[in-house]
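Below is one structure; the comments refer to it alone.
Just so you know, these numbers use all the heavy atoms, side chains as well, and skip hydrogens, waters and symmetry mates.
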Amino acid sequence: MRQIIRDLEESQIREVANAGLGRSDVLPFWFGEGDEVTPDFIRQAAIDSLQRGETFYTHNLGLTELREAIAAYMGGLHLPVGSERIAVTSGGVSAMMLAVQALVDSGDEVVAVTPVWPNLTAQPLILGARLKRVSLKPAGGAWTLDLQALLDAVTPRTRLLILNAPNNPTGWTLGRAEQQIILDHCRETGTWILADEVYERLYFADDTANGCAPSFLDLAAPDDRLAVVHSLSKSFLMTGWRLGWLVMAPAMARHMGKLAEFNTSCASVFTQRGAVVALERTDEVTPRVVAHLKTCRDTLVSLLQGLPAVQVAPARGGMYAFFRLEGFPDSLATAKSLVAQAGLGLAPGTAFAPEAQGWLRWCFASRDLSRLRDGVGRLEAWLADQR
């Protein structure tokens with residue numbers, strides 16, 4: 001067993017969830033998914049595929065029909081993207097790992113903006129890279145980027161820069177001017193950018209264009225050193241389907257099929273059939289999801305702001321309220337106590353970065369707003385018992 005694998009930290013989110021899974025009295029808000037099932041017409045497309053007997057291997061990079069549907073979808077949001085630059089993957093996690101495997105050698109320097117979903121920092125470490133963190137800074141409950149600090153960290157020695165915006169867990173997003181500065185800087189240093197833009201449609205700011213957050217795909221040339229990760233999980237209610245995709249420079253895309261073969265071979269055909277229909281009928285799903293999530297966000301944040309021990313600001317994007325619980329500096333211990341004593345399941349901030357100690361993440365994607373109100377009530381009662 002490689003030492004780096006022995007040294008990997010287990011997911012603190014799973015650690016908290018395992019303490020409450022199976023308990024009917026726990027309200028679970030720890031994972032990054034809502035409680036609404038995938039729309040019926042998407043499920044039916046997969047059922048129809050299975051009924052036709054589509055249970056065999058397919059192209060490493062995905063069905064031609066799906067890659068063309070993704071290209072059309074992405075081109076409607078950003079600059080045109082050819083289907084030859086797209087690889088369908090078995091989830092956004094697989095897309096990120098494939099990109100890191102393609103770009104990073106053992107000993108390479110990788111810079112990541114944190115706090116961030118732990119997979120994004122663990123993947124370079126698994127491959128033996130040297131990880132340098134650039135931390136967002138909290139102010140009044142919101143997290144912001146010191147752009148100059150990031151530019152100083154990315155040098156000609158930096159092989160890869162990893163960015164997740166809109167960000168899980170903080171809700172921080174990059175502005176278009178910041179993206180241009182970062183892109184220009186990475187062109188000068190020869191650094192690849194891996195942009196996790198899975199949450200781009202879950203964007204609530206007033207400056208939204210085409211119903212999504214600013215993207216590097218709005219600015220980059222096709223041959224720029226850029227790989228962008230997407231997924232059907234969040235904005236299409238398809239977390240369990242495990243389907244994502246990569247948009248890459250043509251030089252990288254030409255080799256991605258080989259790498260996919262040695263990882264997952266290919267995504268299942270019947271799930272890809274569901275994805276084709278989801279993308280073709282996105283207007284029937286995503287706008288409704290985003291509108292409801294904004295209501296969930298506003299409801300939860302307003303209630304949390306009414307508690308004296310909580311420091312929180314509305315997220316500009318994503319599906320999480322990330323808040324500081326004053327007087328409770330140990331996030332993991334606090335999250336475990338909330339499960340055991342209050343029946344409230346939240347993710348500890350330290351799951352995302354050491355600098356998020358004292359913070360908690362609450363996934364507000366809930367069909368029923370009363371679940372959010374009940375959860376805040378449980379938090380308030382728990383806080384009263386701690387005095």
Side-chain angles (χ1 to χ4, degrees), residues 13-14 16-44 141 166 168-171 198-199 201-204 211 231-241 274 278 281-307 309-310 312-323 325 334-348 359-384:
I13 304 172
R14 286 284 180 181
V16 173
N18 289 342
L21 287 174
R23 281 180 50 185
S24 60
D25 62 326
V26 173
L27 284 174
F29 301 105
W30 39 48
F31 295 142
E33 64 178 355
D35 56 359
E36 183 178 352
V37 300
T38 306
D40 178 71
F41 63 84
I42 299 175
R43 287 181 282 141
Q44 190 60 51
N168 172 13
T170 68
V198 163
Y199 294 95
R201 296 296 301 274
L202 308 188
Y203 188 60
F204 314 115
S231 169
L232 288 115
S233 291
K234 312 302 181 179
S235 50
F236 291 92
L237 305 174
M238 295 176 67
T239 53
W241 293 65
R281 298 174 63 175
T282 180
D283 289 343
E284 299 176 44
V285 184
T286 303
R288 175 184 61 81
V289 169
V290 175
H292 180 67
L293 285 177
K294 185 176 187 300
T295 300
C296 291
R297 180 202 67 166
D298 294 345
T299 298
L300 178 60
V301 170
S302 177
L303 291 169
L304 289 174
Q305 288 175 335
L307 302 181
V310 171
V312 64
R316 288 171 57 86
M319 55 199 300
Y320 312 104
F322 200 53
F323 64 96
L325 202 55
T334 300
K336 288 183 175 180
S337 180
L338 283 168
V339 171
Q341 300 173 16
L344 180 62
L346 305 177
W359 292 71
L360 296 165
R361 189 194 74 175
W362 187 318
C363 179
F364 53 67
S366 177
R367 286 177 298 170
D368 187 351
L369 296 179
S370 66
R371 292 181 69 250
L372 301 176
R373 298 188 184 100
D374 186 2
V376 174
R378 295 186 186 199
L379 175 60
E380 183 176 23
W382 181 85
L383 288 169

task = For side-chain contact (heavy atoms from CB on, under 4.5 Å), just list the numbers for D298 and T295, CA-CA rounded to whole Å, side-chain angles, deciding distance to a tenth of an Å, and then say yes or no.
result = CA-CA 5 Å; D298 294 345; T295 300; 6.0 Å; no
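- For the residue pair R201 / T286, no side-chain donor-acceptor distance below 3.5 Å is found, with atom types taken as modelled.
- Considering CG of L232 and CH2 of W241, their distance stands at 9.5 Å, rounded to 0.5 Å.
- D368 is linked by a salt bridge (charged side-chain N to carboxylate O under 4.0 Å, His left out) to nothing, counting only residues two or more places apart in sequence or in another chain.
- Atom CG of residue L338 and atom CG of residue L27 lie 11.5 Å apart, to the nearest 0.5 angstrom.
- Residues L360 and P348 share a closest heavy-atom pair of CD2-CA, 4.0 Å.
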Test side-chain contact (heavy atoms from CB on, under 4.5 Å) applied to F323 and L379, step by step = CA-CA 12 Å; F323 64 96; L379 175 60; 4.3 Å; yes
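- Remark: the backbone N or O of S366 is paired with a side-chain donor or acceptor of H292 at under 3.5 angstrom.
- Side chains of V289 and S235 form no contact here, defined as non-hydrogen atoms less than 4.5 Å apart.
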task = Just do the side-chain contact (heavy atoms from CB on, under 4.5 Å) check on L293 and F204 with the steps written out, would you?
result = CA-CA 9 Å; L293 285 177; F204 314 115; 4.1 Å; yes
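- Expressed to the nearest 0.5 Å, how far CG of L303 lies from CG of D374 amounts to 11.5 Å.
- Residues satisfying the ring-ring contact (aromatic ring centres under 6.0 Å, His included) criterion with Y199, sequence neighbours excluded, are Y320.
- Residues passing the salt bridge (charged side-chain N to carboxylate O under 4.0 Å, His left out) test with R14: none are found, sequence neighbours excluded.
- In this structure the side chain of L304 never reaches within 4.5 angstrom of the side chain of V301, judged on heavy atoms.
- Contact between P287 and T282 at its shortest, heavy atoms only, is CD-O, 3.4 Å.
- Heavy-atom minimum distance, F364 versus C296: O-CB, 3.1 Å.
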message = Evaluate L346 against V16 for side-chain contact (heavy atoms from CB on, under 4.5 Å), listing each step before the verdict.
response = CA-CA 8 Å; L346 305 177; V16 173; over 6 Å; no
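- Once rounded to the nearest 0.5 Å, the distance linking CG of L344 with CZ of R378 reads 7.5 Å.
- With sequence neighbours excluded, no residue forms a ring-ring contact (aromatic ring centres under 6.0 Å, His included) with W30.
- Minimum heavy-atom separation, I13 to A347: CG1-CB, 4.1 Å.
- Among all heavy-atom pairs drawn from M319 and G34, the shortest one is CE-N, 4.1 Å.
- A donor-acceptor pair under 3.5 Å links the side-chain atoms of D35 to the main chain of R367, judged by distance alone.
- Summarising the geometry, atom CZ belonging to R316 is positioned 11.0 Å from atom OG1 belonging to T170; distances are rounded to the nearest 0.5 Å.
- Using a 4.5 Å heavy-atom cutoff, the side chains of L325 and L307 are not in contact.
- Between atom CZ of residue F29 and atom CG of residue L372 there is a gap of 5.0 Å, rounded to the nearest 0.5 Å.
- Considering only residues two or more places apart in sequence or on other chains, E284 meets the salt bridge (charged side-chain N to carboxylate O under 4.0 Å, His left out) condition with R281.
- Closest non-hydrogen pair, L237 versus T38, comes out as O-OG1, 2.6 Å.
- Atom CD of E380 has 12 or fewer neighbouring heavy atoms from other residues, nucleotides or ligands inside a 6.0 Å radius.
- R297 places a side-chain N or O within 3.5 Å of a backbone atom of A315 that can act as its donor or acceptor partner.
- Every residue two or more places apart in sequence or in another chain that forms a salt bridge (charged side-chain N to carboxylate O under 4.0 Å, His left out) with R23 is listed here: D25.
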